[in-house]
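Reviewing the structure listed below.
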Amino acid sequence: MKICSIGAGYVGGPTMVVIAEQCPEIEVEVTDVNEERIAAWNSEKLPVFEPGLDEIVKKVRGKNLTFSTDIDEAIRTSDIIFLAVNTPTKTYGDGAGKASDLTYIESAVRRIAEVATGDKIIVEKSTLPVRTAEKIRRILATNRHGCNFEILSNPEFMAEGTAVEDLRHPDRILIGGDETESGQKAVQTLVDVYAHWVPREKILTQNVWSSELSKLASNAFLAQKISSINALSVLCEHSGADVDEIARSVGADSRIGPKFLKSSVGFGGSCFKKDVLNLIYLCEYAGLTEVARYWQQVIDMNEYQKHRFARFIREKLFGSLRNKKIAIFGFAFKKDTNDTRETPAITVCQDLLEEQAKLAIYDPKVPEETVRRDLRPYPADLITITQTPYEAAEEAHAIVILTEWDEFIALDYEKIFKNMQQPAFVFDGRNLLDLNRLRTIGFEAYGIGKPRA
Ligand code: NAD
Ligand code: UGA
């Protein structure tokens, strides 16, 4: 059997790498139109940073795993084709700012329709609006070789930073297929692939529409949990309650659960905002105004959280940031990834730059050019990228923690304090540090939803 993916990004890459690792007898090919990305997958420096990924790639690349830009050949020779292209929020026309842009999916599917000469199973791995399989089916029907295509929905639930662990030990694998005989046969084929390493009871099968919508629903629920705890963080700050204690007591109820209750400067990443917006769009399209409004609030709360954090920093720094050096610790949207898509750091930094603060930014994995690209068009002389957090904090008025990198916990804050402007502030947007310890050193230290000293 041969499997290929169209799309070698954060999902297509790691997903295929783990399939190749777990199914040595299956040939796996990862393809992309982006030559630079494929070259990076074939090099020593992979385009995606994920703990544990390098080791697996080294083990299977060149054996049953290859990376290539020859998409047509991969389509022709594969039995199963995973669509793992990006589905960003539309920026133009009807639905701009909310609906998913399906341009990339459509062009990948058109390519399959054009070049396939045999029967194939097409797997929706990208996150898609419910009923996309219908559109895919119509495009595939233009194939001139009379091929039979079965379309399955198999959304991905891995999170960045823990992709390898999530892919090796998923909570569940979801496969949606047609209830026809050939549809069910295709479902079984994909079940058999995952059954190489995933216990059978964790492989859920359902109809295509449920599977497509389950993915949007899952991300909406997760994002909603964060917005709920963040909404409470504001009340904590006004009442002396501690948001982490609230999360501990609320999360101890097994009906709620302890995960995804970490209050923060806001959620980031390429999917939560995009997928909730897509859900809102689908509701509006169906005329379900109240439902759309319900989910809109999840997004609004997140925007509020990011901006109110930046506003708080300005207020505490005596109302003026102009020419003040501020050290930014962390730029990625979460720890253990080099991804900055929709990172709250962009919004917070932009707000601080609007006030003409001078930012010294340190992140252990995000390259300088990415930070500079993300903060364009703010003047380059307001932004310095440093090689260490110590350098960033030198002579700064404040440290702002925007990513929960482990290395920030163990820094020598006594040393940092001595080299900062006084009074020296810490604004912990991830509730990573022990604020009382920082206060003992002399810092004015603030967290999200934390009692004020
Ligand atoms: P990405 O931007 O990192 O990768 C997508 C890749 O597809 C790019 O390399 C792009 O060049 C390629 N591509 C686009 N059109 C193509 C075409 N016609 N032919 C060949 N290659 C093409 O995106 P991603 O983060 O991997 O996300 C992909 C999908 O998976 C999205 O729908 C996303 O919502 C979903 N998803 C992402 C995550 C995540 O953690 N990033 C998790 C679950 C699901
Ligand atoms: C998220 C989901 O967790 C995955 O299941 C899903 O597959 C993926 O989106 C997707 O569809 O792309 P991801 O965005 O990679 O994964 O990372 P998360 O761990 O969910 O974190 C998202 C954001 O929420 C980060 O900025 C993180 O810091 C923040 N977060 C997370 C919190 O602020 N508090 C929490 O308790 C958890």
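One-based numbering, in listed order, for ligands and for the atoms of each.
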- Message: Please tell me whether Ser264 and Glu404 have a donor and an acceptor in their side chains that are separated by less than 3.5 angstrom.
- Response: no
- Task: Check Glu156 against ligand 2 and report side chain, backbone, both or neither, counting heavy atoms closer than 4.0 Å.
- Result: backbone
- Specify the protein heavy atom at minimum distance from atom 30 (N) of ligand 2: its residue, its atom name, and the distance to 0.1 Å. Ile226 CD1, 3.4 Å
- Item | Structural part of Thr337 in contact with ligand 2, heavy atom criterion under 4.0 angstrom | neither
- Here the atoms of ligand 2 under 4.0 Å from any heavy atom belonging to Ser264 are 32 (C), 33 (O)
- Message: When you measure from the heavy atoms of Arg111 to every atom of ligand 1, does any distance fall below 4.0 Å?
- Response: no
- Identify the protein heavy atom lying closest to atom 12 (C) of ligand 1, giving its residue, its atom name and the separation to 0.1 Å. Asp32 OD2, 3.2 Å
- Region of Arg430 engaging ligand 2 - heavy atom pairs below 4.0 Å: side chain
- Where's the contact between Cys271 and ligand 1, heavy-atom distance under 4.0 Å: side chain, backbone, both or neither? side chain
- Task: With heavy atoms under 4.0 Å as the rule, classify the contact between Ala84 and ligand 1 as side chain, backbone, both or neither.
- Result: backbone
- Task: Mind checking whether Ile229 contacts ligand 2 via backbone (N, CA, C, O), side chain (CB onward), both or neither, at a 4.0 Å heavy-atom cut-off?
- Result: neither
- Those residues that, when tested against Tyr10, pass side chain to side chain donor-acceptor pair (under 3.5 Å) (two or more places apart): Asn338
- Query: Considering only protein heavy atoms, which is closest to atom 27 (O) of ligand 1, and at what distance to one decimal place?
  - Reply: Val11 CG2, 4.1 Å
